[in-house]
Amino acid sequence: MIKFLDLQQVTAKYKDEIHEAVNRVIDSGWYLQGKENEKFEADYSAYIGTKYTVGCANGLDALIWIFRAYVEMGIMKAGDEVIVPANTYIASILAISENGLRPILVEPSIETYQIDDSKIEEFITERTKAILIVHLYGQCAYTEKIGELCKKYNLKLIEDNAQAHGCLFKGKKTGSLGDAAGHSFYPGKNLGALGDAGAVTTNDKELAEIVRSVANYGSTRKYVFKYIGRNSRLDEIQAAVLDVKLKHLDEDIAIRKEIAKYYINHITNPNIITPIIKDWDAHVFHIFTIRCKYRNELQKYLTENGVQTIIHYPIPPHKQECYKEWNNLSFPITEQIHNEELSLPMSPVMTKEEVNNVVDILNHWEITSWEK
Ligand SMILES: *Cc1c(COP(=O)(O)O)cnc(C)c1O
C-alpha cells in the first residue's frame, strides 16, 4: 500500500541525529524551560525572520495565546470580531471563540482555497479587531490587499502557519508577514515533533512576553503570577527534536515540491482538478489537494488500488455541532471544497516509483455510468 504519510520513515530519515538529541536531553536531567527551548527558539526565529519565538504545547494553544495576549493588552475584548476563512481546520476558529471573540467566516477562492481577499471588506465592522489568515494546505494566504485592509481599518494581522513552515511571500517567510503567527509542530506537519508542540512568532516584545507568561501559569517570575494562565509549555525533548528537523526542513520541502510538480504535470485524468500554482515559492505542499466531483467514488477506487488518501476536511466548521448557531448558514464555495477535496500521498519519504504509481492509477480511473 502507498501510505498517505509514513511517519515512521519520516523519523527514520534523521534517526541518528534525533536519537542523539533525545539522548542528550534524557542524560541532561533537565526537561523543561532549558537550553533546548532557547536554542530552538533562536533558530526558529532566524528561520522565520522574526525577533521572537515562544515555544508552547501545541498549535491550537499558540493561536489561543496570541488572542489572549491581545485581550490582556486591552487591544481586544469579549464580543470583538475576528475575520477568518470559512474553509479551515477547526483549530483556527476555536482559538478565536476560546477568547470570547466572535469568528466572522469569509468564503475562500475556488482557485486557491485561501480566504478571498475581495470578500473581506464587506464584513469589517467597528467591532472587527483582526484578520486571521490561514496558510491552508501549505500555501500562502497573504495578499497585499489583505495587508492594506489591515492598515486601513487598523486591524491586527494574525497568521495560522500550522501547515506552512518555510513558505514564502516575496522572499519573506509566512509567520513573519503579520503581527503574530501560530505554528503547529504536530507530528504530521511539515516540521513535526514526536508528539504535540507549537510556537508563536512575532516582532512584538510585549506580546511575546505575555504569551510566555500565560503559557506558564501566568507567571512573570517564579511564584509571581500576573495572569490567570495555564500550563502550555514546550518539552525540552521536543525542542531538541525540532531543532534537528528544522535544519533539514528546506530539503524536505524541495522534495515535496518535486512530487507536486510531478503530480501536476502528469495527472491527465479530465475528471481531476489539480492545484493552480502561480508562485512555487508560495506553497510548501503540506497537503497535495485534488478536486473531483465524484470524490467519494474516487477515494474508494484509490483505496481498492492500494493508495491511501485523506479528505481535508469532510465537514466544514459551520456545519459542526459545536457551532450550532452557524449550521443554517450557507458558504457554497467552502461546501464545494469540502465535498470535492481529496489529498494524495505527499511526504519527503515517498519514492519516485510510488509517485509514479499514484499518477498511473489516477489516470486509469474512469467514471462508470452508475457513478454519474
Ligand atoms: C494542525 C493545525 C492547527 C492546530 O495545531 P495542533 O498542534 O494540532 O494543535 C491549527 N491550524 C491548522 C490550520 C492546522 O492544520
Side-chain angles (χ1 to χ4, degrees), residues 4-5 7 10 40 44 53-68 82-99 103 105-106 108 112-115 130-142 157-167 174-175 177-178 180-201 211 214-215 230-235 238-239 241-242 245-246 256 283-289 310-318 320 322-323 334 337-338 341 343 346-347:
F4 176 75
L5 169 64
L7 271 183
V10 168
F40 173 66
Y44 198 64
T53 295
V54 182
C56 67
N58 55 66
L60 171 59
D61 278 1
L63 291 167
I64 288 175
W65 299 139
I66 291 169
F67 289 108
R68 174 68 186 274
V82 177
I83 286 172
V84 62
N87 178 52
T88 184
Y89 181 58
I90 196 82
S92 323
I93 296 173
L94 293 175
I96 301 170
S97 315
E98 174 79 18
N99 282 285
L105 308 184
V106 173
T112 62
Y113 313 136
Q114 310 300 329
I115 192 164
I131 302 176
L132 172 59
I133 53 172
V134 183
H135 306 299
L136 197 69
Y137 307 137
Q139 183 170 26
C140 179
Y142 179 81
L157 179 62
I158 300 162
E159 298 170 83
D160 180 340
N161 202 42
Q163 303 190 356
H165 334 98
C167 180
T174 57
L177 303 172
H183 307 251
S184 165
F185 309 119
Y186 174 81
K189 300 283 158 79
N190 284 18
L191 177 58
L194 304 181
D196 277 316
V200 171
T201 55
V211 167
V214 288
R230 277 208 289 115
N231 179 351
S232 169
R233 298 178 300 218
L234 175 62
D235 291 345
Q238 300 301 348
V241 169
L242 287 166
K245 292 181 80 178
L246 178 60
R256 287 176 182 274
H283 205 321
V284 291
F285 297 96
H286 170 55
I287 287 169
F288 188 88
T289 56
I310 297 184
I311 296 167
H312 292 94
Y313 299 88
I315 306 169
H318 71 278
Q320 298 288 351
C322 62
Y323 289 118
T334 297
I337 296 169
H338 280 72
E341 196 277 341
S343 308
M346 166 60 80
S347 77

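All residue numbers in this chain count up from 1 along the given sequence. Indexing begins at 1, ligand by ligand and atom by atom, following the structure's order. Everything quoted here is computed from the prediction, not taken from an experiment.
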Original post:
Taking only residues two or more places apart in sequence or in another chain, which ones pass side chain to side chain contact (heavy atoms under 4.5 Å, CB included) with Val211?
Top reply: Val54, Trp65, Ala69, Val200, Leu207
Original post:
Is the Tyr44 to Phe185 ring centre distance short of 6.0 Å?
Top reply: yes
**OP:** Decide side-chain contact (heavy atoms from CB on, under 4.5 Å) for His312 and Tyr113; before the verdict, give the C-alpha distance in whole Å, the side-chain angles of both, and the deciding distance to 0.1 Å.
**Re:** CA-CA 11 Å; His312 292 94; Tyr113 313 136; over 6 Å; no
**OP:** Rounded to the nearest 0.5 Å, what's the gap from NE2 on His318 to CD1 on Ile90? Could you check?
**Re:** 11.0 Å
**OP:** Carefully, step by step, assess Phe40 and Leu234 under the rule side-chain contact (heavy atoms from CB on, under 4.5 Å).
**Re:** CA-CA 10 Å; Phe40 173 66; Leu234 175 62; 4.2 Å; yes
**OP:** Supply the atom-to-atom distance Leu132 CG to Thr88 OG1, rounded to the nearest 0.5 angstrom.
**Re:** 7.5 Å
Original post:
At a non-hydrogen distance cut-off of under 4.0 Å, which region of Asp160 contacts ligand 1 (side chain, backbone, both, or neither)?
Top reply: side chain
Original post:
Can you list the ligand 1 atoms lying under 4.0 Å from a non-hydrogen atom of Lys189?
Top reply: 1 (C), 2 (C), 3 (C), 5 (O), 14 (C), 15 (O)
**OP:** Looking only at protein heavy atoms, identify the closest one to atom 7 (O) of ligand 1 and say how far it is in Å.
**Re:** Ser184 OG, 2.6 Å
Subject >> atom 15 (O) of ligand 1 [closest protein heavy-atom partner, distance rounded to 0.1 Å] >> reply: Gln163 NE2, 2.7 Å
Subject >> Taking atom 10 (C) of ligand 1 as the reference point, the nearest protein heavy atom with its distance >> reply: Ala91 CB, 3.4 Å
Subject >> Phe185, any N or O under 3.5 Å of ligand 1 N or O >> reply: no
Original post:
Distance from Arg256 atom CZ to His286 atom NE2, nearest 0.5 Å?
Top reply: 7.0 Å
**OP:** Do me a favour and list the nearest non-hydrogen protein atom to atom 9 (O) of ligand 1 with residue, atom name and distance?
**Re:** Leu60 N, 2.9 Å
Original post:
Should the proximity of Val134 to ligand 1, defined as any heavy atom under 4.0 Å, be assigned to the side chain, the backbone, both, or neither?
Top reply: side chain
**OP:** Give the numbers and elements of all ligand 1 atoms closer than 4.0 Å to a heavy atom of Ala162.
**Re:** 2 (C), 3 (C), 10 (C), 11 (N), 12 (C), 14 (C), 15 (O)
